[in-house]
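Just so it is clear, the model here is predicted, and its values are computed rather than measured. Excluded from the calculations below are hydrogen atoms, water molecules and symmetry mates; all remaining heavy atoms, backbone and side chain alike, are included. Count residues from 1 along the sequence.
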Amino acid sequence: MAVPEVKKLAQALSQEYNKPNPDLAKCGQYLSQLKIALIELQYLTHDDKHNNIEELTLARDVLEIGAQWSVRTKDIPSFERYMAQLQTYYNDHPNLPASPLKYNLIGLNLLCLLSQNRISDFHTALETIDPEQLHSNPAIQHPIKLEQSLMEGSYNRVWSSRSEVPSKEYLFFIDILMDTIRNEIASCSEKAYTSLPLADAGTLLFFTNMADILNFAQERNWKVNPAEQKAYFHSDADEKINIPSEQIIKQTMFYARDMDRIV
């Protein structure tokens with residue numbers, strides 16, 4: 001595909017993606033064609049011969065839409081691939097015009113790492129960010145504050161951060177974080193209590209409606225009593241533990257006889 005055709009296809013992608021209700025399947029088709037074209041033109045292999053600012057900017061813009069599209073289609077591996085390809089455009093081409101999406105996507109990548117509990121990679125990524133942006137950019141500050149809240153166990157701040165997201169794409173990774181937090185809270189609750197009122201369980205788990213509480217209870221194999229409006233937890237203490245007493249007695253007697261012989 002020649003460069004003029006790539007430009008035309010990239011324009012069609014941009015127009016479709018920026019609609020109020022874009023056809024994500026069509027965007028995916030455009031992206032597939034554009035990735036093949038960019039590979040053929042060696043814009044994804046970063047050949048040194050490429051120094052056309054307009055064409056490099058075009059390739060970067062396509063990858064940025066691809067990264068956002070990946071989040072909206074809930075495809076984390078695809079998002080990670082797009083971000084890996086974007087790093088070269090962000091770090092190795094200082095002459096490119098600044099992208100308004102750059103730090104929003106870098107912040108999304110930080111949140112992606114956080115949602116997978118890749119804390120070491122999270123801090124490594126922080127070290128590559130410009131110090132001024134690190135301390136002042138809202139898109140970068142958001143995941144940093146989230147990580148601090150997680151380390152402190154302030155899960156209510158993680159939940160309330162949903163209302164402060166720099167873009168709607170952030171909600172996808174926050175929801176993943178909340179799923180992890182809910183399961184951790186549930187595990188602790190199961191060890192601390194034999195049962196909980198459903199309303200209290202909903203408050204603990206940051207659920208806002210009963211349907212979500214009941215679905216979660218089913219996933220955790222809790223027994224729900226509709227009359228009492230309580231959830232009963234399975235306890236390991238309720239399980240019968242089979243102790244091989246006869247075998248233990250025989251083994252103990254064997255050791256005792258051996259000790260007598262030694263003495």
Side-chain angles (χ1 to χ4, degrees), residues 71 74 76-77 79-80 83 103-129 131 133-225 228-239:
V71 174
K74 301 181 179 181
I76 294 176
F79 172 75
E80 292 175 334
M83 287 306 302
Y103 287 104
N104 186 72
L105 287 171
I106 289 175
L108 266 176
N109 188 52
L110 289 171
L111 195 50
C112 176
L113 295 172
L114 204 56
S115 72
Q116 299 176 68
N117 200 33
R118 295 164 57 186
I119 304 302
S120 177
D121 292 337
F122 176 86
H123 287 285
T124 300
L126 286 180
E127 293 174 2
T128 66
I129 299 172
Q133 298 293 333
L134 191 66
H135 295 100
S136 63
N137 194 299
I140 305 300
Q141 277 294 298
H142 188 273
I144 290 175
K145 290 177 180 178
L146 271 182
E147 195 259 353
Q148 292 171 346
S149 298
L150 287 170
M151 295 301 103
E152 295 168 4
S154 300
Y155 299 144
N156 59 319
R157 293 212 302 261
V158 178
W159 173 251
S160 63
S161 72
R162 291 176 57 85
S163 61
E164 305 165 352
V165 291
S167 70
K168 58 187 176 183
E169 285 84 7
Y170 278 62
L171 292 174
F172 171 60
F173 293 114
I174 291 178
D175 286 343
I176 294 175
L177 269 177
M178 287 307 304
D179 285 342
T180 302
I181 288 170
R182 286 187 178 111
N183 280 296
E184 184 174 335
I185 292 172
S187 295
C188 293
S189 298
E190 289 165 357
K191 291 178 175 63
Y193 309 104
T194 56
S195 66
L196 272 179
L198 289 175
D200 292 347
T203 302
L204 278 173
L205 298 167
F206 303 98
F207 284 125
T208 56
N209 63 73
M210 186 57 67
D212 289 337
I213 299 172
L214 294 175
N215 287 335
F216 187 83
Q218 186 176 16
E219 290 172 5
R220 299 285 305 189
N221 293 318
W222 293 349
K223 294 179 181 178
V224 175
N225 187 317
E228 296 179 338
Q229 287 291 290
K230 275 188 173 183
Y232 288 86
F233 308 138
H234 171 74
S235 173
D236 292 338
D238 297 333
E239 294 181 355

Find the distance between [atom1] ([X]) and [atom2] ([Y]) and round it off to the nearest 0.5 Å.
X	Y	atom1	atom2	result
K230	D200	NZ	CG	9.5 Å
S160	R157	OG	CZ	8.0 Å
I106	L108	CD1	CG	10.5 Å
M83	I76	CE	CD1	13.5 Å
N183	M178	CG	CE	10.5 Å
E152	E147	CD	CD	9.5 Å

(request) Before accepting this row, confirm whether a basic side-chain N of the pair E190/R220 lies closer than 4.0 Å to the acidic partner's carboxylate O. (result) yes

For a 4.5 angstrom cut-off between non-hydrogen side-chain atoms, does [X] reach [Y]?
X	Y	result
I181	E184	no
L177	L111	yes
F173	F79	yes
I119	L114	yes
Y103	I129	yes
F206	V158	no
V71	Y170	no
P143	F122	yes

Minimum heavy-atom distance [X]-[Y], with the two atoms named:
X	Y	value
S161	L146	OG-CD2, 3.4 Å
L198	I213	O-CD1, 3.7 Å
Q133	I140	O-CB, 4.0 Å
P166	P138	CG-O, 4.0 Å
N104	A139	CA-CB, 3.8 Å
Q116	C112	NE2-SG, 3.1 Å

(request) Measure from the side-chain N and O atoms of Y155 to the backbone N and O of L205, and report whether any donor-acceptor pair falls under 3.5 Å. (result) no

(message) For the backbone of L105 and the side chain of N109, can you confirm whether one donor and one acceptor N or O come within less than 3.5 Å of each other?
(response)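 Between the backbone of L105 and the side chain of N109 there is no qualifying donor-acceptor contact (under 3.5 Å).
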
(request) Report the C-alpha separation of R162 and D175 in whole Å, then their side-chain angles, then the decisive distance to 0.1 Å, and conclude whether the side-chain contact (heavy atoms from CB on, under 4.5 Å) test is met. (result) CA-CA 9 Å; R162 291 176 57 85; D175 286 343; 2.3 Å; yes

(request) Among I174, N137, L110, find the one that has a side-chain contact (heavy atoms from CB on, under 4.5 Å) with H142. (result) I174

